[in-house]
Amino acid sequence: GSSNQPIGNILSDSVESFRDALLTAQHIIVVAGAGLSAASGIPTFRGAGGIWRSLDAIDLATPTAFAENPSLVWQFYHYRRVKALEATPNAAHHLLAKLTIPSVLKSIAPDFKTYNLITQNVDRLSTRAMESLLSSPSIQFEKRKNDIPTVNSGGSGGIIEMHGRLFDVRCSKSQEECDWVEEDLSNPLNVVLGMAGREAESYESAGSNSSEAVKNIPVEELPKCKKCGALARPGVVWFEEKPKHLDEINKLVDQADVCLVVGTSSTVFPAASYAYRVHKRGGTVAVFNLEESDGDDHANFVFYGPCETELPRVLG
Ligand SMILES: CC(C)NC(=O)[C@H](Cc1c[nH]c2ccccc12)NC(=O)[C@H](CCCC/N=C(/NCCC(=O)O)S[C@H]1O[C@H](COP(=O)(O)OP(=O)(O)OC[C@H]2O[C@@H](n3cnc4c(N)ncnc43)[C@H](O)[C@@H]2O)[C@@H](O)[C@H]1O)NC(=O)OCc1ccccc1
Ligand SMILES: [Zn+2]
């Protein structure tokens, strides 16, 4: 573990001991981050992945950046929409989805009552993994046997997208002023963004990652609210903005006795505080990460390596 390990926080990587802890688990939560989608080709925020057109992703995901340059921020999110549409869920997404099947989860956590995924990712890959699970033949049989949860069915089996959804488009006015929002999977989202994206790609393939590739799209050509005609924005939660579903999440965090921390650097709050809260109450925390992260400080177990192989190895 990292040098500033608090005294007494013995970190184990024993699959056996972790599986033992699951035998008495009742309320299981998973807190996931960009590392969950890394194997699907979605860049993470840290390292090279976090740089778009030589701009830091974290600086673009703010209300200020959008107010100052909506053209730039829309091209950033359009790029991520294209990436996320081209991507497919990986083994880690599928494993976490499969655990929503009671008979599957019971085989490793016989006493479980609730299981919920709290994701910081906006790429919709966990939902797609769930949708393909629900449409798979074996599930149809299981469905008839006992009630399979639908996505976000409150209580258990839910996928909670606390930082919003990349494919949601909403009015840029405040909720109170205009509550228009719709999920729009069209690619491109609009012609101008499509053209800008394609031109940028030619830049990129010419090896220059420069901000020159960013077009200056007039605001009136950017996506519009279909209710009041105002400028629209991506339906994600930007820094300084209140995350979604906080009440439901806080209830789940307060009752959880097992928390899996998957592919997150545990640096963005309040998401980074959940494992700590479970650990402080004597719950079991297991971190799945390629490498050491701040999450190790409040964990009992750590499984270093790609989560797309470690999750199936430890929980499959
Ligand atoms: C930078 C940080 C210090 N700042 C914050 O936390 C801020 C401010 C703050 C609030 N409270 C605090 C307390 C202390 C300090 C600061 C704060 N928080 C906020 O602003 C939040 C909102 C934060 C949400 C911002 N939106 C995102 N995303 C959506 C948009 C978009 O995506 O564009 S955050 C975004 O960045 C974060 C990136 O972190 P990760 O997902 O973990 O990704 P990262 O690249 O960092 O790490 C990847 C990890 O995976 C590992 N990995 C890689 N590959 C693999 C692999 N294959 N397998 C396993 N692991 C792997 C790597 O090793 C690495 O560890 C995610 O949360 C992601 O969603 N809002 C808020 O607090 O509002 C107030 C409020 C509260 C209540 C009521 C009213 C108002
Ligand atoms: Zn509107």
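All figures in this text were calculated on a predicted structure; none of them were measured in a lab. What you see below is based on every heavy atom in this structure, not just the backbone, and it leaves out hydrogens, waters and symmetry mates. Numbers here are sequence positions counted from 1. Read the numbers this way: they start at 1 and go in the same order the structure lists the ligands and their atoms.
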- Message: According to side chain to side chain donor-acceptor pair (under 3.5 Å), does anything in residues 269-278 pair up with another residue at least two apart or in another chain? List the pairs.
- Response: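 For residues 269-278, and leaving out neighbouring residues, the side chain to side chain donor-acceptor pair (under 3.5 Å) pairs sorted by first residue read N250-R277, D254-R277.
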
Among all protein heavy atoms, pick the one closest to [atom] and tell me residue, atom and distance.
atom: atom 42 (O) of ligand 1; answer: T264 OG1, 2.6 Å
atom: atom 46 (O) of ligand 1; answer: S265 OG, 2.7 Å
atom: atom 66 (C) of ligand 1; answer: Q120 OE1, 3.4 Å
atom: atom 9 (C) of ligand 1; answer: F269 CB, 4.4 Å
atom: atom 71 (C) of ligand 1; answer: E241 O, 3.5 Å
atom: atom 43 (O) of ligand 1; answer: A34 CB, 3.4 Å

For [atom], which of the options [options] provides the nearest non-hydrogen atom?
atom: atom 3 (C) of ligand 1; options: D294, V237, T267; result: T267
atom: atom 24 (C) of ligand 1; options: M162, R165, H163; result: H163
atom: atom 62 (C) of ligand 1; options: L290, V268, N289, T309; result: N289

- N or O contact, S266 vs ligand 1, cut-off under 3.5 Å: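 In fact, backbone or side chain, S266 has no N or O that close.
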
- ligand 1 to N121 polar contact by distance, N or O atoms, under 3.5 Å: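 No: no nitrogen or oxygen of N121 is under 3.5 Å from one in ligand 1.
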
- Region of R80 that comes within reach of ligand 1 [heavy atoms, distance under 4.0 Å]: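 For R80, the contact with ligand 1 is made by the side chain alone.
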
- Task: Mind listing the protein N/O/S atoms less than 2.8 Å away from the Zn ion (ligand 2)? Waters don't count.
- Result: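 Under 2.8 Å from the Zn ion (ligand 2) - ignoring waters, which are not counted - the protein N, O or S atoms are C171 SG, C178 SG, C225 SG, C228 SG.
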
- Query: Is there at least one protein heavy-atom neighbour under 4.0 Å from atom 51 (C) of ligand 1?
  - Reply: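 Neighbour list for atom 51 (C) of ligand 1 includes protein heavy atoms (cut-off 4.0 Å).
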
- Message: Is it the case that over 12 heavy atoms from other parts of the model lie below 6.0 angstrom from the CD atom of E16?
- Response: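 No.
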
- Item | Side-chain donor-acceptor pair present, S202, E199, cut-off under 3.5 Å |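 No pair is found: no donor N or O on one side chain lies under 3.5 Å from an acceptor on the other.
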
- What is the ring orientation for F18 with F303, classed by angle as parallel under 30°, tilted 30 to 60°, or perpendicular over 60°?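 F18 vs F303 ring planes: tilted.
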
